[in-house]
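Before any comments, here is the structure.
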Amino acid sequence: MTSSFPASPFPESTVLGYPRIGPDRELKRALEAYWEGRSDRAALEEVARRLREDTWRRLAELGLGGSPSNTFSYYDHVLDTAVLLGAVPERYRHDDDLTAYFAMARGAEGLPPLRMTKWFDTNYHYIVPEIGPETIFSLDAAKPLSEVREARALGLETRPVLVGPVTFLLLSQAAAGSPDGFAPLDRLDDAVEVYGRLLGALAAEGVGWVQLDEPALVADRTPAELAAVEAAYGRLGGLAERPALLVAAYFGDLGEALPVLARTPVEAVALDLVRGTPGDVGLLAGKTVVAGVVSGRDVWRTDRDRALATLRTARERAGRVAVATSCSLLHVPYDVERETGLDPALRGRLAFAEQKVAEVVELAHLLVEGPGADVPRLSAPQARPSTSGARVTETRAPEGGRAPYAVRAAAQAERLKLPLLPVTTIGSFPQTGQLRRARAALAAGEIGEAAYEDMVRAEIEHVIAVQERLGLDVLVHGEPERNDMVQYFAEHLDGFAVTRHGWVQSYGSRCTRPPILHGDVRRPEPMTVRWARYAQSLTSRPVKGMLTGPVTIVAWSFVRDDLPLRDVVLQVADAVREEVRDLEEAGIGVIQVDEPALRELLPLRRAGQAAYLEWAVAAYRWATSGAGDHTQIHTHLCYSDADQILAAIDALDADVTSVESARSRGRVLAVMASGVAGGDGRGFGRGLGPGVYDIHSPRVPGADEVERLLEEALRVVPADRLWVNPDCGLKTRSHEQVEAALANVAEAAARLRERHTSR
C-alpha cells in the first residue's frame with residue numbers, strides 16, 4: 001500500500017524531465033566560474049536554486065499537471081544517484097561533499113575521475129559508478145528532499161525523479177579488485193534497501209508520487225535480470241510507507257519487461273510511444289499508463305491526430321492514461337520562439353522543450369474533453385515535410401576499395417617518414433575567449449571577415465609552432481575557425497539549419513547546439529581545404545585534414561524523419577567523400593574522419609544491430625575509399641564503449657584508429673587482449689592509438705604516468721602500429737594545461753621510442 005499520506009491521482013499531463021543548464025547556459029557559466037575560483041559555493045548554489053525555481057514556475061504557467069523534481073544536477077544524474085546511495089569510492093571521499101562530487105566527475109590533482117560514457121543511444125554522457133562486493137550503501141536523501149521543499153515553498157507539489165535501482169546497477173561497473181564473475185547487479189538487495197529507506201523519507205515528507213527511471217529495460221535483458229526487476233519492484237511496491245510509484249522506461253519498447261512490471265504493485269508505468277508501440281499495454285490495466293506521445297528526442301512538432309489516436313488506443317486497452325513526453329526533455333533546447341533567425345516555414349515545424357510541454361497539456365485536454373471540446377490551441381499542427389523530390393541514396397559500394405593495408409602502409413611510410421610511436425592529437429586545440437568573442441562579433445556584423453580571418457590565421461600559426469616545439473610528429477591546425485565539430489559542417493552543407501540559442505547539455509558544463517537536418521544534403525563547395533592547406537604551408541611535418549564522419553554528423557543533429565536514417569547518412573557520406581578528395585588534391589597526406597557516434601547509434605536491441613552496423617560501416621568506407629593508397633586515413637572514437645563494437649571499427653578499414661582509453665583505464669585494450677569482439681590487438685591489423693591523456697579532466701598527467709599507459713598498450717599493440725595521442729580533442733582545456741600535458745606525452749613517447757629502436 002501507499003504511505004499514510006494519501007497519494008493524489010496521477011496528473012493528466014506531465015513531463016519525465018526538463019533541461020537544466022538554463023536558457024542561456026547559466027549553469028555552465030556558474031560551474032566554470034566556481035571551478036576556476038572566480039566564485040564561491042554560495043554563488044553556485046544561488047544560480048542552481050534560481051534555475052530550479054524558474055523551471056517549476058514556467059511548467060506551472062504552461063498548465064502542466066505534474067512537475068518533476070530532483071532532475072537538476074551540477075554534473076550528472078547518475079553520479080547524483082551514486083551519491084544518494086552513498087556509493088562513493090573511498091579514494092574520492094572528502095570533508096567537502098562538493099569537492100568529492102567534482103573529483104569523481106572531473107578528477108583532481110593526482111586523482112583521475114570515474115569513467116564516462118554515453119547514456120544509452122544519446123549524446124548525453126554519464127559518469128559510470130563503481131560498485132564492488134565491499135561497497136557500503138548508505139542513504140543521503142538531502143538533495144531530493146531539499147528540492148521537494150524548495151518547490152513546496154513556491155506553492156508547488158512535485159514528483160521526485162530517481163534513476164531506478166536496476167538501471168543504476170546495470171550501468172555501473174565492477175570496482176577494481178572485484179572477484180571474477182561479480183556484477184554490480186549482485187548488490188541489488190542492498191541497493192533496494194536504501195531505495196526503500198528513501199521512499200520512506202519521501203513519504204514522511206508528504207510526497208505523493210516518485211518516478212523511478214528504468215530505461216535499461218528497453219534493451220535485451222536476461223531472465224535473471226528480469227527476475228531482478230520483479231524482485232526489486234515487488235519489494236519496493238510492498239513497502240507499507242511509501243509514495244505511489246511511477247516506473248518510467250524510455251528509448252524503445254519494454255518488450256519482455258512489460259509483463260514483469262505489470263505483475264508488480266507499482267501504480268504507474270511510463271511508456272515511450274514515439275520509439276515504441278502500445279503493444280500489450282492491456283497488461284497494465286489497473287495501473288496508470290503514462291503515455292509518452294510527445295518526443296523528447298527530436299525537435300519536430302507532434303502529429304496531433306496520430307498522438308491522439310495512440311492515446312485513445314492505450315486508454316481503450318489499459319484504462320487510466322496520462323499524457324507525457326516520451327523521455328526527459330533534457331535532450332532538446334528550451335524555446336524555439338527565441339530562434340528568430342530561422343526560416344519561418346522551418347520554425348513553424350519545430351517544437352523545443354517549452355513547445356513540447358504545451359503539446360502535452362493540449363493533448364491531455366483533448367483526450368479528456370473529446371474532439372469537440374473548446375480547448376485553447378496551444379500548439380500549431382505540424383506541417384510534415386514532403387518526401388516528393390527527396391534524394392534517396394542507394395547503398396554505396398567502394399569503387400574497388402582501397403588496396404590491402406600492407407600495400408597502403410608501405411606507400412604511406414615512404415611518403416610520411418614517421419618515427420616509431422608517432423605522436424599526434426585528435427584535432428582541436430583550446431578555443432580561447434578571444435576566438436569565441438571574435439566569432440560572435442563576426443556573426444553580429446561588428447567586425448569584418450578579413451579581421452576575423454587574420455585572427456584565425458594567427459591562431460593556426462601559434463598552434464603549429466607549439467606542436468613543432470613540443471616534438472609532435474603529425475600536426476593539426478587546431479580548428480580555430482570551428483565552433484563545433486558538427487555545427488561547422490552543418491553551416492557549410494545544404495539541407496541543414498543552425499540555431500543561435502538551441503543549446504543541449506552533453507555532460508557537465510559542456511553544451512552543444514545540434515543542427516537541424518531538414519532537407520537533402522549537398523556540399524556546395526570545399527569546407528576545410530583552405531585552412532588545412534594554410535597549416536601545411538607552415539611546416540614540413542604532415543598536417544591532418546580534420547573531418548567529422550557521416551554517422552556522427554547525423555547522430556549529433558536533429559534529423560528529418562521522412563527518410564530512413566540510412567539514406568540520410570549516405571547523403572552526408574557523399575559530401576564527406578567529396579571533401580576527402582579535395583583535401584588529397586590539395587596535398588594533405590593524412591586525413592582524419594572521426595566517428596565517435598558509431599557506437600551511440602547502435603540499436604538497443606540486438607535484433608537491429610547487425611543491419612545498422614552494416615550500413616554505417618558502408619557509409620564510412622564510401623566516404624573514405626576515394627583516397628589514394630598513399631593518403632593515410634585516420635578515424636577516432638571516444639567515450640562510447642567502443643570496445644563493444646571492435647569488429648565494426650576494424651571493418652571501417654581506417655589506417656589508424658584512435659580511441660579513448662586513459663579515462664576508462666585501458667578498457668578497450670583489455671577487451672582486445674582477451675580476444676573478445678574482433679580478436680586481440682595484434683589481430684586488429686592496422687594502426688591504433690589508445691588515448692593516454694584524459695582531456696575531460698583539468699589534471700595534467702606526468703610523463704611517468706603516460707609512459708606506464710604506453711607500456712600497457714604495447715602488451716597488446718605492436719610498437720610499429722602504436723600511435724600516441726590524447727583521448728579526445730583539446731578544445732575544452734586551457735593552452736597552459738594542453739602544452740604541459742603534450743610535453744609529457746611527447747617525452748614519454750621519446751623514452752619508449754629510444755628503448756625500442758636501440759634493441
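FYI, the numbering just counts along the sequence from 1.
Counted by atom type alone, Tyr405 and Asp653 present zero donor-acceptor pairs between their side chains at under 3.5 Å. Counted by atom type alone, Trp622 and Asp574 present one or more donor-acceptor pairs between their side chains at under 3.5 Å. A side-chain N or O of Asp213 and one of Tyr250 form a donor-acceptor pair less than 3.5 Å apart. Side-chain contact, Glu491 with Gln487: a donor N or O sits under 3.5 Å from an acceptor N or O.
Residues passing the side chain to side chain contact (heavy atoms under 4.5 Å, CB included) test with Arg275, sequence neighbours excluded: Asp121, Asp272, Arg297. Glu600 pairs by the salt bridge (Lys or Arg N to Asp or Glu O under 4.0 Å) definition with Lys118, not counting sequence neighbours. Applying the side chain to side chain donor-acceptor pair (under 3.5 Å) rule to Glu459 yields the partners His735; only residues at least two apart in sequence or on another chain are considered. In this structure, His630 has no ring pair (Phe, Tyr, Trp, His ring centres under 6.0 Å) partners at least two apart in sequence or on a different chain. Taking the ring pair (Phe, Tyr, Trp, His ring centres under 6.0 Å) definition, one finds that Tyr612 meets it with Trp615, sequence neighbours left out.
Checked for salt-bridge contact, Arg415 and Asp629 miss the test: no charged N lies under 4.0 Å from a carboxylate O.
Note on residues 605-617: pairs passing salt bridge (charged side-chain N to carboxylate O under 4.0 Å, His left out), not counting sequence neighbours, are Asp220-Arg605, Asp220-Arg606, Glu256-Arg605.
Of the listed residues (Trp119, Tyr507, Phe120), just one forms a ring-ring contact (aromatic ring centres under 6.0 Å, His included) with His125, and that residue is Tyr507. Arg306 pairs with exactly one of Asp303, Leu308, Thr302 by the side chain to side chain contact (heavy atoms under 4.5 Å, CB included) rule, that one being Asp303.
Ring geometry for His492 against Tyr488 counts as tilted: the plane angle lies between 30° and 60°, on a 0 to 90° scale.
Distance check: Thr432 OG1 to Arg437 CZ gives 7.5 Å after rounding to the nearest 0.5 Å. Note that CG of Asp484 is 10.0 Å distant from CD of Glu479, once rounded to the nearest 0.5 Å. Note that the CG atom of Leu435 and the CG atom of Asn483 stand 11.5 Å from one another [nearest 0.5 Å].
With contacts defined as side-chain heavy-atom distances shorter than 4.5 Å, the pair Tyr620/Val576 does not qualify.
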